[in-house]
Colleague: 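Before we start, here is the structure in question, set down as structure tokens.
For reference, positions follow the sequence shown, starting with 1.
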Amino acid sequence: MARECLRKWAAKYLHRLPDPKHPNAQDGIDMHELLRAMCARGPAATTQPESKIGRWARALYPLTPPGVLCELEQHFDYRGHRASFRIDFTLPAFDGFGDWKSCAGPKWSLNQTTIKTDLQANLEAYGFMTVFGRTDVPIRWLYVDKKTERAWHVDAH
């Protein structure tokens with residue numbers, strides 16, 4: 001988002017202004033809500049008929065580390081500005097964090113090379129390290145391909 005429009009990114013992530021949701025974004029929000037419920041109540045957390053959202057969540061759930069705490073938002077100072085991060089899950093004792101992602105295939109996922117320039121990943125890591133006093137933070141992104149429902153993870157520090 002920042003590469004496409006820095007103002008849009010700042011409005012969303014720095015100023016926390018509401019933004020209209022594209023249907024694809026709403027699918028991701030719904031998937032996150034179901035995954036949070038699954039982490040709290042187990043894999044049978046939904047009574048809804050099977051849907052693409054349910055299939056995506058069930059593909060990602062086994063890759064989610066056990067005992068995670070779901071959705072954490074914290075505020076921190078970045079160069080004199082109030083910033084915040086919202087992460088999908090933290091490991092027990094805040095020893096690391098992770099993010100669930102739905103995408104259009106592996107070419108859209110982060111890797112050891114692209115993570116160095118990914119603004120969201122670096123801002124979240126900086127905020128996490130600042131808030132929790134860490135110097136090194138394990139990060140796990142869990143991806144699901146929207147078409148094939150294949151799931152994989154990318155780990156980094």
Colleague: Any donor-acceptor pair under 3.5 Å linking the side chain of T64 with the backbone of L60?
Modeller: yes
Colleague: Taking W141's backbone N and O only, do any of them form a donor-acceptor pair with D155's side chain (distance below 3.5 Å, no angle check)?
Modeller: no
Colleague: Under the salt bridge (Lys or Arg N to Asp or Glu O under 4.0 Å) rule, collect the residues that match up with E149, sequence neighbours excluded.
Modeller: R55
Colleague: Which residues satisfy the salt bridge (Lys or Arg N to Asp or Glu O under 4.0 Å) test with K116, sequence neighbours excluded?
Modeller: none
Colleague: If I take atom CD from residue E71 and atom CD from residue E33, how far apart are they, to the nearest 0.5 angstrom?
Modeller: 9.0 Å
Colleague: How about F97 and I139: do any of their side-chain heavy atoms sit closer than 4.5 Å?
Modeller: yes
Colleague: Could I get the full list of ring pair (Phe, Tyr, Trp, His ring centres under 6.0 Å) partners for Y126, not counting sequence neighbours?
Modeller: F76, Y78
Colleague: Are P106 and W152 side-chain neighbours, meaning at least one heavy-atom pair lies under 4.5 Å?
Modeller: yes
Colleague: Using salt bridge (Lys or Arg N to Asp or Glu O under 4.0 Å) as the criterion, list what pairs up with K101, not counting sequence neighbours.
Modeller: D99
Colleague: Please report the interatomic distance SG(C39) to CH2(W100), rounded to the nearest 0.5 Å.
Modeller: 4.0 Å
Colleague: Are any of the side-chain heavy atoms of V144 and M31 separated by less than 4.5 Å?
Modeller: yes
Colleague: Show every salt bridge (charged side-chain N to carboxylate O under 4.0 Å, His left out) that has at least one partner inside residues 79-88, sequence neighbours left out.
Modeller: E73-R86
Colleague: For D118, enumerate each residue passing the salt bridge (Lys or Arg N to Asp or Glu O under 4.0 Å) test, keeping only those at least two apart in sequence or located in another chain.
Modeller: none
